[in-house]
Amino acid sequence: MAEPKTLPGANGKRHLLGRIFIWTLLLAAAVLYLGPIYVVLSTSLKDLAEIRAGALLDLPHELNFTAWREAWSSACIGVRCEGLRPYFLNSVIMSVPSVAISTLIGALSGYALSLFRFRGANIIFALMLFGCFIPFQIVILPMAQTLGYLGIANSITGLIVVHTIYGISFTTLFFRNYYVSVPQELVRAATMDGAGFFRIFWHIMLPLSIPIIVVSVIWQFTQVWNEFLFGASFTSGGSQPVTVALNNLINSTTSVKQYNVDMAAALIAAAPTLVVYIIAGRFFVRGLTAGAVKG
């Protein structure tokens, strides 16, 4: 029995309908995600009179950056009216060393666990991997006691230690899975030429690690910058990070609720992670998949 013939334009029509369906879903997702950002941005550029008089989705009549200046330098957070600026700097001081140290330690750990096989390596890796799944709430009390013993409680240094320790499990996982795709022959050849552990790491492995370093930096920076619980638990007053300060600013009680200042402050606090993803986000997936051949 002969099979029914497909009309010449049927496949093309189905292909077109499929593309329309996909683009419709993508457009809906874009509106869903960008809609709140538009509302926050437009509200931050309006004055209070315009916010009260206009609709939520109205564009501002003119660009007004007064709320941004107030959120940055003069908004009251508790009893201090210095804006987000000092707390933003706290987050920068906290994030940079936390990201750098945890990435370096993760690279060394992943290198040792993947290319230098020794008894118990898989057990050590499993225990370190277990750290990725420990909720923040479980470690608050022992972390607080440890910071107190070390004399760095209620300080930015204490937060650097906390974020570095908590990030090592993730960075080790990233680098270990990336390094298992590196040929063992490369390490053996370097060893035969007299290169030791650290020389192989610095001169061979690290130059090959740019994609996964980008992944680790993006991941760690996002986690450290956006983290709230540790900052609220281990710091107070002028040593708080920007996320805690933002929460305190928005919840501060005043005679008039300044929605434009709150929105501007939210965008200021979120700006660094947005910039990082806009500039380097395309390298994130590329770096994650670079080590997905083996392991």
What is the ring orientation for Phe197 with Tyr111, classed by angle as parallel under 30°, tilted 30 to 60°, or perpendicular over 60°?
tilted
Would Leu89 end up clustered with Val276 when hydrophobic side chains under 4.5 Å apart are linked, directly or stepwise?
no
Salt bridge (Lys or Arg N to Asp or Glu O under 4.0 Å) pairs touching residues 37-51, sequence neighbours excluded, are none
From CZ (Phe221) to OG1 (Thr273), nearest 0.5 Å
7.0 Å
May I ask whether Leu141 and Ile165 are part of the same hydrophobic cluster, defined by side-chain heavy atoms of I, L, V, M, F, W, Y residues being less than 4.5 angstrom apart, directly or through others?
no
Donor-acceptor pair, side chain of Ser155 and main chain of Gly158, under 3.5 angstrom:
yes
Flag the pair Val217 / Ile213 as yes when at least one side-chain heavy-atom distance between them is below 4.5 Å, and no otherwise.
yes
Could you check whether any side-chain N or O of Ser44 sits under 3.5 Å from a backbone N or O of Leu41, counting only pairs where one atom can act as donor and the other as acceptor?
yes
Hey, are the side chains of Arg176 and Leu129 touching, using non-hydrogen atoms and a 4.5 Å cut-off?
no
Under the side chain to side chain contact (heavy atoms under 4.5 Å, CB included) rule, what do Leu108 and Phe198 come out as? Steps first, then yes or no, please.
CA-CA 9 Å; Leu108 282 167; Phe198 287 104; 4.1 Å; yes
Quick check on Ile123: does its CD1 atom have over 12 non-hydrogen neighbours (other residues, nucleotides or ligands) under 6.0 Å away?
no
N/O donor to acceptor pairs below 3.5 angstrom from side-chain atoms of residues 222-230, sequence neighbours left out:
residue	atom	partner	partner atom	Å
Thr222	OG1	Ile218	O	2.7
Trp225	NE1	Ala269	O	2.7
Asn226	ND2	Thr222	O	3.4
Glu227	OE1	Phe230	N	3.1
Glu227	OE1	Gly231	N	3.3
Glu227	OE2	Leu229	N	2.6
Glu227	OE2	Phe230	N	2.5

Gln220 to Gly167 - nearest heavy-atom pair and separation
NE2-CA, 3.4 Å
Tyr178 and Ser114: side chain donor to acceptor below 3.5 Å:
no
So, for Ile156 and Ser239, which heavy atoms are closest and what is the spacing to 0.1 Å?
CG1-O, 3.9 Å
Say you draw a straight line from OG1 of Thr157 to CD1 of Ile152; how long is it, rounded to the nearest 0.5 Å?
6.5 Å
Taking Leu57's backbone N and O only, do any of them form a donor-acceptor pair with Tyr38's side chain (distance below 3.5 Å, no angle check)?
yes
Quick check: closest heavy atoms across Asn154 and Ser236, and the distance to 0.1 Å?
OD1-N, 2.7 Å
Side chains of Leu84 and Ile77: closer than 4.5 Å at any heavy-atom pair?
yes
Measuring only between side-chain heavy atoms, which start at C-beta, is Thr191 closer than 4.5 Å to Ile200?
yes
I need the Thr172 OG1 to Ile124 CD1 distance, nearest 0.5 Å.
11.0 Å
Would you say that Leu208 contacts Tyr179 through its side chain, given a criterion of any heavy-atom pair below 4.5 Å between the two side chains?
no
Can you tell me how far the CG atom of Asp193 sits from the CZ atom of Arg199, to the nearest 0.5 Å?
8.5 Å
Gly238 and Arg80: which non-hydrogen atoms are nearest, and at how many Å?
CA-NH1, 2.8 Å
Spacing of Leu32 atom CG and Leu27 atom CG [to the nearest 0.5 Å]
11.0 Å
Does a side-chain heavy-atom distance below 4.5 Å link Gln240 with Asn90?
no
Are any side-chain N or O atoms of Ser102 and backbone N or O atoms of Val99, one a donor and one an acceptor, separated by less than 3.5 Å?
yes
For Val39, does its backbone N or O pair with a side-chain atom of Ser42 as donor and acceptor, under 3.5 Å?
yes
Where the side chain of Asn64 meets the backbone of Thr66, is there a donor-acceptor pair that is under 3.5 Å apart?
yes
In chain order, what residues pass the side chain to side chain donor-acceptor pair (under 3.5 Å) check against Ser216, with sequence neighbours excluded?
Thr103
In the hydrophobic clustering (ILVMFWY, side-chain contacts below 4.5 Å, transitive), which residues join Phe21, or is it alone?
Leu25
Quick one: list whatever passes salt bridge (Lys or Arg N to Asp or Glu O under 4.0 Å) with Arg69, sequence neighbours left out.
none
Whether the side chain of Ser91 engages the backbone of Val242 through a donor-acceptor N/O pair (distance < 3.5 Å, no angle test) should be reported.
yes
State plainly whether one hydrophobic cluster holds both Val92 and Val161, where clusters connect Ile, Leu, Val, Met, Phe, Trp and Tyr through side-chain heavy atoms under 4.5 angstrom apart.
yes
So, for Tyr166 and Phe170, which heavy atoms are closest and what is the spacing to 0.1 Å?
O-CD1, 3.7 Å
With sequence neighbours excluded, give me every disulfide bond (SG atoms under 2.5 Å apart) pair touching residues 40-96.
Cys76-Cys81
Determine whether Val244 and Tyr87 make a side-chain contact, defined as any pair of heavy atoms from C-beta on separated by less than 4.5 Å.
no
Would you give the length of the straight line joining atom NE2 of His61 to atom CG of Leu45, rounded to the nearest 0.5 angstrom?
13.0 Å
With a 6.0 Å cut-off (strictly less than), is the heavy-atom count around OH of Tyr259, excluding the residue itself, greater than 12?
no
Please answer: with hydrophobic residues joined when any side-chain heavy atoms are less than 4.5 Å apart, are Phe65 and Leu267 in the same cluster?
yes
Looking at every non-hydrogen atom in both residues, tell me the closest pair between Thr164 and Ser98 and how far apart they are.
OG1-CA, 3.5 Å
Mind checking whether Ile138 and Val162 sit in one hydrophobic cluster, side chains of I, L, V, M, F, W, Y counted as touching below 4.5 Å?
yes
Counting C-beta onward and ignoring hydrogens, is there a side-chain heavy-atom pair between Trp68 and Asn260 closer than 4.5 Å?
no
